[in-house]
Amino acid sequence: MAIKFVLMVNKQGQTRLSTYYEWLSMPERVALEAEIIRTCLSRSEFQCSFVEYRGYKVVYRRYASLFFIVGVDQDGENELGILEFIHALVETLDKYFESVCELDIMFNLEKAHFILDEMVVDGCVVETNKVNILKPIALMEKASEEKLFAR
Amino acid sequence: MASMMSAHLSKDFFDLVKAIGESKSKQQEDRIISDEVQTLKKKMPEAKISRKKMKEFLVRLIYVEMLGHDAAFGYIRAIELAASKNLIQKRVGYLCSGLCLSPDHEFRFMLVNQLQQDMTSSNFLEVAAALGATIRLATTDMIPPLLAHVVKLLQHDRELVRKKTVMVLHRFHRLDASAVSHLGPQMRRTLCDKDPSVMAASLCLLHAQITEKPLGFKELVPSFVSILKQIVEHRLPRDFDYHRMPAPWAQLRLLRILALLGRADQSTSEGMYEVLGDVIRRADTGINVGYAIVYECVRTVTTIYPNNNLLDEAARAIARFLGSENHNLKYLGITGLAQVVEQHPKYAAEHQLAVIDCLSSVDDTLKRKTLDLLYRMMNPVNVEFIASKLVESLEQSTDDFLRRALVSRLCTAAERFAPSNAWYVATIVRVMELAGELVPNEVAQQMLSLVAEGGEEGDADALRADAVDRFVGMLHREVVPDGLFHVLAWVLGEFAQLSSESASVAEAIATLAADDARLKGAPRARELLLTALIKLAAQSDDINTKAALRSLAERFASSSNIELQQRALEALNLLDASTEDSGLLEDALPYDASLEDPLDGVVTGEGEDRNGGDALGFLDRFVASALNAGAAPYQKPVDDENETESESEEETSNFKFEAYAEPQKPGRRVQQTSYPMGDSTENDEEIARRLQEAEYANQPPQRTTARGGNAIGSGGGLAAASGPWGAPRQPVAPTPAAPRPAAAPTQQQRAPTPTEPEEKTAEQAEKERMAAALFGGVGAATAAAPRRAPRKASNASSRQASRSPPPPAPPPAPEPSLLDLGAPEEPPAPAPPPPPVSDLLGDLSAPAPAPVPPPSTASDPFAAFDGLSLTEATPSTAFAPEKLTTADFGGRWGPTKHEKRAEVSLTPTQTTPDAVAAGLAKVGAVLVEAIPATRELILAATHTPTAAICLWHVKLLATSAALVTVRSPNPEVARLALEASVGALSSSA
């Protein structure tokens, strides 16, 4: 169903987070990520945020240096809905990291995954309620006595 | 932003992330990761590593894999860490396993025990972690040991656990629907969970099931409707809002579910209308997520049983999207319009300019979607315009998926809506040229069949010459398109003598065949080209051709390519033999015999008695001597009996009427003989024409075999055309009617019905012209809509008919005899060919003794490249009135390829059809018919200097203007006629 992968790639084309809801071999992923970011970079901000790539519809949105890229299957998915979902994801990361930046995701890669795993399950957007997303993570950190970072 | 130095980060990890972050190139990044792989390989197996440290190693391992390096050496540590009591460590263990283990990796199954254990934990976070990992890691084999645990968790008192449990079932359902099918009622009950997020997850689960089998879920519609209603009425906690829009993603999913359940189901759909109206109104708050919902409503409304109010609402939404400056919204507008347009074409008309805008957009996504839209809007009137846009896009595209889609669309377009055979051939050849490897073999076959038969338009040679010219041009190219060799070689071999430069064709073929560099990557090209040359040599008296063949054949006679060698030796033998028996080569490879059954007559040993006996006539002596020597005479197969009997009816001797296409025969017969308007069997002339075309486009594959006897001739694997049902031998008595008479209402449909009246500004003129080309059949929506359905249906059925094993009946009259080319039985053109024309054309086509094309509307192969001389010869604009019936006009309009168009301003007193007709009468055009209802006129005249027919279509616009379209087989004549018309109408103003 629906979402096939979520990527975060910076504008140098370096992958910062990738997760696939349908298995792709490593060479396939590497090629796909490289080509998609090239496509995204070649588009101006006035062009629409949707591109077709191979069998995927790719929805992307750029935040500062980082592209958030979501691949969905050809039929059915609501492109604008996915675009807004990206924003919901960024808002959630922002809430968790307090003004998120590329380095936050790099230093806390597993946490970024945890947040995404609360929101997208098996290719479906299941949760966008930020309280519901962040509470289990906070509880887990508390139980593990591991703070995100020393402030 | 979080601070860089985190308490739990080791220096190693920090340095790694920093290095990755600062790397400037992929190479540098690869080096960092390679080093990291070495470090991890060394450190991870160490015995005294703390689990905390191991967690960090695993995150580093995730980095390694994410950046494209294999880290299989560490997977086992991830499995181990999943057993940790520390929650974060456990989740990192699961996370790493889920990201790295391929579906068939044996380690997945090693986690089953741990998953079971965690699912029964008293700590709900552990349970949730296990469920999350199950969604990532489960395989079909893992369902049985886990399912019982999972089902229990549906009753868990934590909503987080219930939510994840529902999603585990979603995963299981996708893996193996039968494994969870017994849980139907329990899965449905999750929809009523008191927690909204569990309910939202349940929507995902049910959506997946409904997609597969909507029928079993109809009774849930009231529940879905009520949930949707509660959501839009803000009855969910505020936490579920996104930008003040209540649970937008749940709304989207509900809308999609309703679309599935309401499709083609009136009573179910009626239960949704109210809530859909609510949703669409409440979502329209001017924010993106609201637009997403509105767009989803559009899709739902156009999918379910139609409701006019909602459709209007949807159309308004589409209009706003299309009018937006924001490209994302424009995209929604175009895709939304594509949704609407198939069933409700009337909505397309008002957006024509927006669509043209998008088509010329620099945004390739928008462009691509617009092409989708155009494809769905395609009809016989706009097909040329739309196909040209698709071809343009194919020229530019390098994306394989897109190219594949474009090729299949173009082939369908050509097959369904081709306005003329010449256009059909041109389109298919162009597509093969651009993407030969993607064109299905059958399509190429069909195209060749059509060339072989020469089409139905009365001038077989024009069509063939046109095709030949296309291919001759390609012979000289640096790179001959790969996918084209088969068709190129065949067409040239069969018909190159129709080319105005036929003498040089043989030479060009020989040169190409000898050119290693240009033939690289086309292994069979040589064989095909050699075969073509053999045929040319057989059909031409030119010594040079034979010499070219001999030298080429000698060159290949010792080729290591056995097939090529064989053909070369055959060629040499034929050449040698033909020096003794001059007619032999010709007998073996007669001109334009591709439609003949080579075994016809010969097999019975009575070749002379049968008009087809010449095909293998050169074997007669051999047969005779064999018979004399005591060989048994050939026995006809038993199933040929029928054919023998039917010989009494001589004209059918070459057709297997009895066996084929029974259902269509009566209708066709009627057509041949009766006036089209009175043809009640097919009720619409247009349908008949489509049938005919569909059959041409669907020549069954059996054709290939029928040509086998002509051993060399059939040469290429793509033996084209032929078949006993190919064409009548004797000239079918041509009715003086135009090749494709069309009934009046149909003509109205086919004519380039201009756009709905609209205010125009000067700079919009060009756009509107495009729009007119595009919205031809769509503009007159109300008139067109009812007719669409039946035509589609008949089209589909005709296609089905022609695909079914029995091949179609012979092409109907008025069809010129294919086998008596140049014979006086050419269908008499309504306009008698005045001598000057033949002279003119004769001069131009001097080298080729090509049959003079009848100066009718059929496409004139010379017209295309001799505009120059024609201009000299036609300084005057003298047009003689030409009396045509509406049906004649309709039949001629489509095949007449050169079109000129202009918009003329009229004074208010001159805007009646009568006044315009009077104005054009001054030019010489005579009114064929006026259609007051649509304010359209059609007129005709003959351009006396060239005898070219000229057809007018005039649409009076509401803006005191007239859109004048002139078509003629000769571009120059069309131009002159248009100029004269514009002059006449303006001066009368």
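Naming: A, B, ... by sequence-line order, numbering from 1 per chain.
For the options B:Lys369, B:Glu126, B:His243, B:Lys24, heavy-atom pairs under 4.5 Å to chain A are most numerous at B:His243. The choice from A:Lys135, A:Gln12, A:Glu102, A:Glu79 that makes the most heavy-atom pairs within less than 4.5 Å of chain B is A:Glu79. Note: B:Ser102 leads B:Gly68, B:Ser102, B:Gly21 in heavy-atom pairs under 4.5 Å with chain A. The greatest number of non-hydrogen atom pairs below 4.5 Å with chain B, out of A:Leu109, A:Val30, A:Ile137, is found for A:Leu109. When B:Ile20, B:Asn123, B:Ile287 are compared by the number of non-hydrogen pairs under 4.5 Å with chain A, B:Ile20 comes out ahead. Residue with the most contacts toward chain A among B:Glu65, B:Arg299, B:Lys18, B:Glu296: B:Arg299 (heavy-atom pairs, distance under 4.5 Å). Each of A:Asn78, A:Asn10, A:Val126, A:Asp94 has some count of heavy-atom pairs under 4.5 Å with chain B, and the biggest count is that of A:Asn78. Per-residue counts of heavy-atom pairs under 4.5 Å with chain B were compared for A:Glu33, A:Glu91, A:Lys130; the largest is that of A:Glu91. Of the listed residues B:Phe13, B:Phe240, B:Tyr242, the one with more heavy-atom pairs under 4.5 angstrom with chain A than any other is B:Tyr242. Comparing A:Leu24, A:Asn132, A:Thr19 by how many heavy-atom pairs each has under 4.5 Å with chain B, the most go to A:Thr19. If you tally non-hydrogen atom pairs under 4.5 Å between each of B:Leu203, B:Val59, B:Asn288 and chain A, the highest count goes to B:Asn288.
For B:Arg136, the salt bridge (charged side-chain N to carboxylate O under 4.0 Å, His left out) partners are A:Asp117, not counting sequence neighbours. Every residue meeting the salt bridge (charged side-chain N to carboxylate O under 4.0 Å, His left out) condition with B:Glu29, not counting sequence neighbours, appears here in chain and number order: B:Lys26. A:Tyr21 is linked by a side-chain hydrogen bond (donor to acceptor under 3.5 Å, both in side chains) to nothing, counting only residues two or more places apart in sequence or in another chain.
Looking at B:Gln89, neither its backbone nor its side chain comes within 4.5 Å of chain A, counting heavy atoms on both sides. Using a 4.5 Å cut-off between heavy atoms, B:Leu101 contacts chain A through its backbone alone, with no side-chain atom that close. Of the atoms belonging to B:Lys85, not a single heavy atom falls under 4.5 Å from chain A. For B:Arg368, the part lying under 4.5 angstrom from a heavy atom of chain A is the side chain only. Residue B:Lys330: no heavy atom, backbone or side chain, is found under 4.5 Å from chain A. The parts of A:Met106 that come within reach of chain B are both its backbone and its side chain, each placing non-hydrogen atoms under 4.5 angstrom from that chain. Only the side chain of B:Leu160 comes within contact range of chain A, with at least one heavy atom under 4.5 Å from a heavy atom of that chain. Contact annotation for B:Tyr291: both backbone and side-chain heavy atoms come within less than 4.5 Å of a heavy atom of chain A.
The pair B:Arg91-A:Glu110 does not meet the salt-bridge criterion, since no charged nitrogen lies less than 4.0 angstrom from a carboxylate oxygen.
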Let's go through A:Thr15 and A:Arg29 carefully: what are the C-alpha distance in whole Å and the side-chain angles of both, what is the deciding distance for side chain to side chain donor-acceptor pair (under 3.5 Å) to 0.1 Å, and is it a yes or a no?
CA-CA 11 Å; A:Thr15 306; A:Arg29 298 181 195 193; over 6 Å; no

In sequence, state the C-alpha distance, the side-chain angles, and the governing distance for A:Glu22 and B:Arg174, and then conclude on side chain to side chain contact (heavy atoms under 4.5 Å, CB included).
CA-CA 11 Å; A:Glu22 241 159 51; B:Arg174 279 179 61 197; 3.2 Å; yes

Go through the steps to decide whether B:His170 and B:Met167 satisfy the test side chain to side chain contact (heavy atoms under 4.5 Å, CB included), and finish with yes or no.
CA-CA 5 Å; B:His170 182 266; B:Met167 291 314 290; 4.0 Å; yes

Set out, in order, the CA-CA distance, both residues' side-chain angles and the distance that settles side chain to side chain donor-acceptor pair (under 3.5 Å) for A:Ser49 and B:Tyr331, then state yes or no.
CA-CA 9 Å; A:Ser49 313; B:Tyr331 172 96; over 6 Å; no

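Between A:Leu93 and A:Met8 the shortest side-chain heavy-atom distance falls below 4.5 Å.
Tested against A:Ser18 for a side chain to side chain contact (heavy atoms under 4.5 Å, CB included), the candidates A:Leu7, A:Val6, A:Val9 yield a single pass: A:Leu7.
A:Ile133 contributes atom CD1, which lies 10.0 Å from atom OG of B:Ser197 (distance to the nearest 0.5 angstrom).
Using a 4.5 Å cut-off between non-hydrogen atoms, the part of residues 55-66 of chain A that approaches chain B consists of A:Gly55, A:Lys57.
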